[in-house]
Number of protein chains: 2
Amino acid sequence: MSSIKEVAKRAGVSTATVSRFFNTPEQLRESTQEKVKQAIEQTGYSVNALARNFRRGKTNLIIVVLPALGVPYFASVMRGIESVAKAKGYSIMIKDTQFNTVPFNQVSDMFFSRQADGIILLGSISPYQDVVSRNGHTNSLPPLVVSCENASPDLAGLPSVRIDGIKAAFDATNYLISLGHRKIAFISGSLSQAVSGEREAGYSKAMKQAKLAIHEDLITDGHLTIEDGRRITRRLLNQPSRPTALLCANDEMALGAMHEIKLAGLSVPGDISVIGFDDIRYAEISDPPLTTIAQPGEEIGEKSMYKLCNIIDGQAIDNKTDVVEHQLIIRSSTAPAVL
Amino acid sequence: MSSIKEVAKRAGVSTATVSRFFNTPEQLRESTQEKVKQAIEQTGYSVNALARNFRRGKTNLIIVVLPALGVPYFASVMRGIESVAKAKGYSIMIKDTQFNTVPFNQVSDMFFSRQADGIILLGSISPYQDVVSRNGHTNSLPPLVVSCENASPDLAGLPSVRIDGIKAAFDATNYLISLGHRKIAFISGSLSQAVSGEREAGYSKAMKQAKLAIHEDLITDGHLTIEDGRRITRRLLNQPSRPTALLCANDEMALGAMHEIKLAGLSVPGDISVIGFDDIRYAEISDPPLTTIAQPGEEIGEKSMYKLCNIIDGQAIDNKTDVVEHQLIIRSSTAPAVL
DNA sequence: CTGTTAGCGCCTTCAG
DNA sequence: CTGAAGGCGCTAACAG
C-alpha cells in the first residue's frame with residue numbers, strides 16, 4: 001500500500017503538502033491541489049488512519065457497553081448514539097457484557113490504552129472499580145456517560161441521561177391502583193441491578209401511599225428476559241393468593257408473563273392485568289397489546305453522545321443527570337380489577 | 001500519561017525490555033520482570049495501543065455490517081462472532097446500514113485506511129462496488145466474509161456462511177402444502193434484497209412442484225419489519241380471494257401478519273396459517289406460538305469469524321460457502337387447511 | 001537474556 | 001503558499 005511519500009514524489013511536492021491536501025486544502029494553491037489529487041488517484045492512496053491516529057493521539061472511536069445485543073430498547077438508544085456519532089466523525093465499538101459479567105476495568109483499560117476516546121454505559125457494569133485512582137494513581141476518569149436509568153449506585157455522580165425510574169414505576173403502579181387493583185406484584189430483574197432497585201422504589205412508594213400491602217413475593221432474582229419473566233410468573237401463579245396485576249421491570253418480562261398467564265388458562269387483562277416497561281416494538285402487537293412505560297430511546301442516545309463529545313473535547317463537564325420524559329402508553333393488557 | 005521510556009528509566013532497563021515484558025515475558029529473567037513490574041505499577045503505565053497498532057500495522061478490530069440493530073436474529077449471530085473474536089483478541093465495530101442505505105465503499109474504506117482488519121457482512125449492502133479494482137488499482141479485496149443468506153448477487157463468490165435459503169423456503173412451503181394448503185402467499189421483503197429472492201425461489205419451486213398457482217400478489221416491496229408485515233397482510237386480506245396460508249420472509253413480518261389477521265377478526269391458524277423465518281425468541285411466546293424455520297445463528301457467527309481470521313492471517317482463502325443446517329420448528333400457527 | 005538502533009506514516013512547527 | 005525536519009511510542013532486528 002502506498003504511503004504519503006510516494007504520492008508526494010509523484011506529485012512533485014513535499015509530504016507536508018500532501019498532508020495539507022487532506023487536512024487544510026484551503027491552504028493550497030488550486031494547481032497544487034490538482035497535482036496532488038492526480039497523484040492520489042494514480043497510486044490509489046488512502047490515508048493510513050493508524051498512523052494518523054497515533055500522531056494525533058485520538059482514535060475517533062467510542063465504546064458502547066450494553067448488557068445484551070438484540071434488545072429492542074437498547075437498539076433505539078444505539079440509533080440515537082449512532083446518528084450523533086456519525087455527525088461528529090466517531091465510529092462505535094460494542095462491548096456486550098452478557099448481562100453484566102464483564103468487569104469495568106476491562107472496558108476502561110481500552111480507554112487508558114488509547115483504543116477509544118470515550119465510553120457510554122447502557123446499563124450497569126460491575127464491579128465498577130474506582131478508575132479515578134487506578135493502580136493507586138491519579139489517572140483521570142475516562143470520558144464516560146451513563147445512559148438509561150439502570151446504573152449501579154457506584155455510578156452515581158457521573159454524567160448521565162435517563163428517565164426518572166422511580167417516578168416511572170410510581171406512575172405505572174398508580175395507574176394499576178386507579179383501576180382498582182390491590183394485589184399488585186412487581187416482577188423485577190435482579191434487585192442488585194439498579195434499574196430494578198429504582199423501579200422497585202417507585203412501586204413501593206405508590207403502594208405505601210395507597211396503603212396497600214406489598215406483596216411478599218416481590219423479591220425476585222433474574223435477568224430482564226422473557227425466560228425469567230415466565231419463570232417468576234409461574235411461581236406467582238402457583239401461590240394461594242394470586243395477584244390481580246403485574247408490574248414488570250421490562251417489556252420482555254411482561255411478554256413472558258402474559259404468555260404464562262394464558263398458558264395457565266387465565267386471561268389478560270380479564271384475570272390479571274400486566275404492565276411493562278420500555279415500549280419495544282413487539283409490545284404493540286402482542287396479544288393483548290401491552291400497556292407500558294415508554295422511554296425516549298433515541299433521545300437518550302443522542303443526548304448521551306453529545307454529552308460524551310463535550311467531555312472528550314474538554315468542555316465543562318456537567319456531572320448532572322439529564323432527565324428525559326417517560327410516558328405511560330395505555331393499551332389493552334390492563335383493565336379494572338374485578339373484585 | 002507515562003510512556004515506555006519512563007518505565008524503562010525507572011526500572012533501570014531499556015525500552016526494549018519493557019516491551020518484552022508485555023510481549024514475550026518468558027524471555028526475561030525473573031528478577032528483571034519484577035523490576036519492570038514495579039516500575040509499571042509506580043507509573044500507572046498502560047501500553048499505548050495506538051502506537052502499538054501503528055507499529056504492527058494491525059488494529060485487532062473488525063467491522064460487522066448489519067441492516068439494523070436490535071434484530072434478535074442478528075443478535076444471535078453477533079454472539080457467535082463475539083465469542084470467537086474475544087478468543088482471538090479482536091474487538092468489534094458496528095456499522096448499522098439502516099436497512100441498506102450505506103454504500104459499501106464507505107465500509108471498505110475503513111479497511112483501506114487501516115481502521116479495521118476485516119469485515120463481516122450480515123445481510124446485503126449496496127451498491128457493492130467492486131473493491132478489487134478500487135480506483136482502477138489492483139488493491140486486494142479487504143478480508144471479508146458474508147454471513148447469513150441475504151447476500152446480493154454481486155457478493156456471490158465471496159467466502160460466506162449461511163443456510164440454504166432456497167431449501168429452507170422450499171421446506172417451509174412444502175410443509176404448508178402437506179397440510180392441504182393451496183392458496184399460499186409469500187410475504188417477502190423487498191425482492192431486490194437477495195434474502196427475499198432466495199426465499200422466493202424456494203417458495204416458487206415448491207409451488208411449481210405441487211402444480212399450484214403462484215399467488216399473484218406475491219410481489220411485495222418493503223423491509224423485513226413488523227410494520228411492513230402488517231401493511232402487506234392488510235392488503236392481502238382485502239383481496240377477493242384470500243390465501244389460507246402465509247409464508248413470511250422473517251419472524252417479524254410473521255408476527256405483524258398474525259396481528260393483522262386477528263385484528264381482522266380471523267383466527268390463526270383456524271382461518272390462516274402463518275409460518276416465519278429465524279425463530280427469534282418472541283416466536284415461542286407469540287399467540288399462537290409461531291411455526292418457523294430456525295437458523296443456527298451462533299454457529300453462523302462463529303464460523304464466519306473463524307473464516308475471517310483465516311483470511312486475515314493469510315491462510316488459504318476458501319471462497320466456498322459453508323452451508324449450515326436449518327430446521328423447521330412446528331408450533332401452533334399452522335394447521336391443516338379447511339377446505 | 002538484554003541493550004542499541006532504526007524506523008513505521010503522519011502531522012506540525014519553523015523557515016522561507 | 002510550500003518545504004525541511006523532528007518526533008509521536010512502540011517493536012523488531014541485530015548485536016553482544
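Naming convention: chains lettered A, B, ... in sequence-line order (proteins, then strands); numbering from 1 in each chain. Computed from a prediction, not measured in an experiment: that's the story for all the values here.
Atom NZ of Lys9(B) is surrounded by 12 or fewer heavy atoms from other residues, nucleotides or ligands within 6.0 Å.
Contact annotation for Asn23(A): backbone-only contact, meaning every heavy-atom pair under 4.0 Å involves sugar-phosphate atoms and none involves a base. Note on Leu50(B): nothing from the nucleic acid sits closer than 4.0 angstrom, heavy atoms only. Note on Val13(B): only backbone sugar-phosphate atoms sit closer than 4.0 angstrom, heavy atoms only; bases stay farther off.
Closest contact between the side chain of Gln27(A) and the listed nucleotides dT2(C), dT2(D), dG9(D) involves dT2(D).
Regarding Phe21(B), its CZ atom lies at a distance of 14 Å from the P atom of dC10(D), rounded to whole Å. One atom, OH of Tyr45(A), and another, C1' of dG9(C), lie 7 Å apart when rounded to the nearest Å. Spacing between atom CG of Asn48(B) and atom P of dC10(D) amounts to 5 Å, rounded to whole angstrom units. Following rounding to the nearest Å, Asn53(A) (CG) and dC10(C) (C1') show an atom-to-atom distance of 11 Å. Between Ile40(B) atom CD1 and dC10(D) atom P there is a gap of 11 Å when expressed in whole angstrom units. Atom CZ of Arg114(A) is separated from atom C1' of dC8(D) by 11 Å (rounded to the nearest Å). Atom NZ in Lys9(B) sits about 13 Å away from atom P in dG9(D), given to the nearest Å. One can place NZ of Lys58(B) at 17 Å from C1' of dC8(C), the figure rounded to the nearest angstrom.
Contact between the side-chain N/O atoms of Thr17(B) and the OP1/OP2 oxygens of dG3(C) is found at a separation under 4.0 Å. Contact annotation: Ser3(B) side-chain N/O to dG9(D) OP1/OP2 distance is not under 4.0 Å.
Phe21(B) places none of its side-chain heavy atoms less than 4.5 Å from the side chain of Val47(B). At least one side-chain heavy atom of Glu41(B) sits under 4.5 Å from a side-chain heavy atom of Lys37(B). Using a 4.5 Å heavy-atom cutoff, the side chains of Arg162(A) and Ser147(A) are not in contact. A 4.5 Å side-chain heavy-atom check between Met305(A) and Ile120(A) finds at least one atom pair inside the cut-off. Taking 4.5 Å as the limit, some side-chain heavy atom of Lys88(B) sits within range of a side-chain heavy atom of Tyr306(B).
If you find the closest nucleotide of DNA chain C to Glu26(B) and to Phe22(A), the one lying nearer the 5' end belongs to Glu26(B). Each of Ala51(B) and Arg29(A) was matched to the nucleotide of DNA chain D holding its nearest heavy atom; the match closer to the 5' end belongs to Arg29(A).
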Between the protein and nucleotides 4-7 of chain D, list the N/O to N/O atom pairs that are separated by less than 3.5 angstrom.
unit_1, atom_1, unit_2, atom_2, d
dG6(D), N2, Arg55(A), NH1, 3.2
dG7(D), N2, Arg55(A), NH1, 3.1

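Look at Phe54(B) and the base of dC10(D); the rings do not stack under the cut-offs of 5.5 Å between centres and 30° between planes.
Residues Thr321(B) and Ser160(B) bring a donor and an acceptor atom of their side chains to less than 3.5 Å of each other.
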